[in-house]
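Inspection log for the structure reproduced underneath, given as structure tokens.
A note on names: the letters A, B, ... follow the listed sequences, proteins ahead of strands, and every chain is numbered from 1. Keep in mind that this is a model prediction, so the values were computed, not measured.
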2 protein chains.
Amino acid sequence: MYDQIEDYIRNKITVTDDELKTILSYFKPLTPKRNELLVTHGQTSQRMFFVGKGCLRIFFINEEGHDATRYLAFENNFATGMVSFITKEPSLEFIQALEETELLYITQDDFHYLLETIPSWEKFYRYYLEMAYVTNTNRLMSFITMDAKERYKQLLSQKPDVVQRLPNKMVASYLNISQETLSRLKSKI
Amino acid sequence: MYDQIEDYIRNKITVTDDELKTILSYFKPLTPKRNELLVTHGQTSQRMFFVGKGCLRIFFINEEGHDATRYLAFENNFATGMVSFITKEPSLEFIQALEETELLYITQDDFHYLLETIPSWEKFYRYYLEMAYVTNTNRLMSFITMDAKERYKQLLSQKPDVVQRLPNKMVASYLNISQETLSRLKSKI
DNA sequence: GACAAACATTGATATAGGTCAAAATCAGAT
DNA sequence: ATCTGATTTTGACCTATATCAATGTTTGTC
């Protein structure tokens, strides 16, 4: 798994072998069970995760108890309750392992320590923030300019693995529609 | 106006007088007319704006020609078509001055030049990205977990100036509801 | 390979919010 | 002050999607 994260990081920034060694030394393994919650409502999101195997989802729950998925991270992606990671306030986002999952994580404190000591880590964080921003804004745009069918078609073409790999319930939560509506959409398209 | 932006920057990061002077030298004034478009669909968002006076709005238009406002920037705020500014791809976001507006702008090239030459500008950008991310994610959350009435009540309590200062049409576009629905909500609350 | 539990589909009905159209109100230019 | 156009409100009706309930289909476990 450390090979995977090494590839990921080297792909985004230029680091010396020493720097990379230091960076990786702060990442610890974690293997949550299927459906285990890593962050629940009100906790501060103190860790950033790298997914080596399996899948993490980040989601909100509204007052009626409905959940809506903000982000799905499969293999070779980072994920965290980013708002809480930034603001250090309690998280409104939950994090859940959807499959048998293998993770590496770094704590917020260690992450910030790296920001101060390894200049290229600041570059990494810049890259990460930029990507996270773009992803979220595209998602925001899809919700305010597209209807359910369009969002489903976009998902099919842009992230077919989400539809293939996850149960309907999760796909529906990602599209923010009911399972029934998703089922009807599938039969029509 | 340069006083305002100076205050803003000094408030976020620590810079020497010299550095600040250099930074400000890259900001040029611009005074668009009411309703003037600064970025239209398909253009690359090459500039980042600081609002000294007036108001900018950033919005999308969907296939049926409906517009939905992503962000409103009043005095003493930065605004840009951030996705295009990051990716350098053509913008799906429009930028419009809603009032007689006084701006300062910096080009993307100059912005990146500052990132490379003034280390604290990297800190500024990090701060900016973090805030932009938090703002957008909260907005995403409001759309996927709240109904029209809740979004309106939240806006009233968190940004009453938006409701007071802008015409209904803009408020409705910001909430992503029709003007008629907004009018009915107002009469009920 | 049988059973329970989870998951997916289908049908009937409800509802938030949209659309269209008309009336009422407001605001800037003369 | 008065007109003209823009903005806001109100009413009638429509549509996408939710909800509830029943049925059908997988999937994992012993």
Side-chain angles (χ1 to χ4, degrees), chain A residues 33-37 54-55 57 59-69 72 96-101 142-156 160-189, chain B residues 33-36 54-55 57 59-69 72 96-100 139 142-156 160 162-189:
Chain A
K33 293 285 165 229
R34 202 163 188 278
N35 294 326
E36 185 175 333
L37 283 173
C55 176
R57 79 166 179 133
F59 63 106
F60 308 115
I61 298 191
N62 74 3
E63 284 164 13
E64 291 93 50
H66 257 128
D67 73 84
T69 299
L72 292 166
Q96 181 183 37
L98 290 188
E99 307 173 347
E100 291 293 325
T101 295
S142 80
F143 283 116
I144 65 185
T145 67
M146 292 160 75
D147 65 16
K149 188 174 176 179
E150 290 174 309
R151 293 204 299 282
Y152 177 62
K153 289 202 310 204
Q154 178 182 265
L155 184 64
L156 265 186
D161 49 331
V162 168
V163 183
Q164 282 155 19
R165 186 163 159 179
L166 298 179
N168 256 356
K169 195 162 114 173
M170 291 303 153
V171 178
S173 168
Y174 187 75
L175 293 169
N176 201 34
I177 59 179
S178 69
Q179 294 177 60
E180 293 94 328
T181 296
L182 176 58
S183 175
R184 286 184 247 263
L185 282 176
K186 278 184 159 181
S187 68
K188 262 187 272 171
I189 290 171
Chain B
K33 292 285 166 230
R34 200 163 189 276
N35 295 327
E36 185 175 334
C55 177
R57 79 166 178 134
F59 62 107
F60 308 115
I61 298 192
N62 74 4
E63 284 164 11
E64 291 94 50
H66 257 128
D67 73 85
T69 299
L72 292 166
Q96 182 183 36
L98 289 187
E99 306 173 347
E100 291 294 324
R139 209 146 156 62
S142 80
F143 283 117
I144 66 183
T145 67
M146 292 160 75
D147 64 18
K149 188 175 177 179
E150 289 175 310
R151 293 204 299 280
Y152 177 62
K153 289 200 313 201
Q154 178 182 265
L155 183 64
L156 265 187
V162 168
V163 183
Q164 282 155 19
R165 186 164 158 178
L166 299 180
N168 257 357
K169 195 162 113 174
M170 291 304 154
V171 179
S173 168
Y174 187 74
L175 293 168
N176 200 33
I177 59 179
S178 70
Q179 293 178 61
E180 293 93 328
T181 296
L182 176 58
S183 174
R184 285 184 248 262
L185 282 177
K186 277 184 159 179
S187 68
K188 262 187 270 171
I189 290 172

Closest contact, heavy atoms only, [X] versus [Y]:
X: B:Val162; Y: B:Val171; answer: O-CG2, 3.7 Å
X: B:Ala68; Y: A:Ile144; answer: CB-CD1, 3.9 Å
X: A:Leu98; Y: A:Leu72; answer: CD1-CD2, 4.1 Å
X: A:Leu182; Y: A:Ala172; answer: CD2-N, 3.7 Å

Flag the pair B:Leu175 / B:Thr181 as yes when at least one side-chain heavy-atom distance between them is below 4.5 Å, and no otherwise.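 Counting from C-beta outward, B:Leu175 and B:Thr181 never come under 4.5 Å.
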Whole angstrom is fine here: how far is it from CD in A:Gln179 over to C1' in C:dT10?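 Taking CD of A:Gln179 and C1' of C:dT10, I get 14 Å after rounding.
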Could you tell me how far apart B:Asn35 (CG) and D:dA6 (P) are, to the nearest whole angstrom?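 That distance rounds to 12 Å.
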So among A:Gln179, A:Glu180, A:Lys186, which one has a side-chain hydrogen bond (donor to acceptor under 3.5 Å, both in side chains) with A:Asn168? A:Lys186
Can you give one letter per nucleotide of nucleotides 13-30 of chain C, going 5' to 3': B for a protein heavy atom under 4.0 Å from the base, S for sugar-phosphate only, - for none? ----SSBBB---------
Under 4.0 Å from any atom of DNA chain D, heavy atoms only: list the residues of residues 165-175 of chain B that qualify, in numerical order.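 Result for residues 165-175 of chain B: B:Pro167, B:Asn168, B:Lys169, sorted by number.
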To the nearest 10°, let me know how far the axis at one end of the helix from C:dG1-D:dC30 to C:dT30-D:dA1 is tilted from the axis at the other, five pairs an end.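 Computed angle between terminal axes is 50°.
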Identify the residue among A:Arg165, A:Lys33, A:Arg34 that makes a salt bridge (Lys or Arg N to Asp or Glu O under 4.0 Å) with A:Glu99. A:Arg165
A:Arg151 (side chain) donor-acceptor with A:Phe143 (main chain) under 3.5 angstrom: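 A pair under 3.5 Å: no.
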Sidechain-backbone polar pair: B:Ser173 side chain, B:Thr69 backbone, donor-acceptor under 3.5 Å: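 Answer holds: yes.
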So, is the end of the B:Arg139 side chain (NZ or CZ) under 6.0 Å from the ring centre of B:Tyr174 and within 45° of the ring's axis? yes
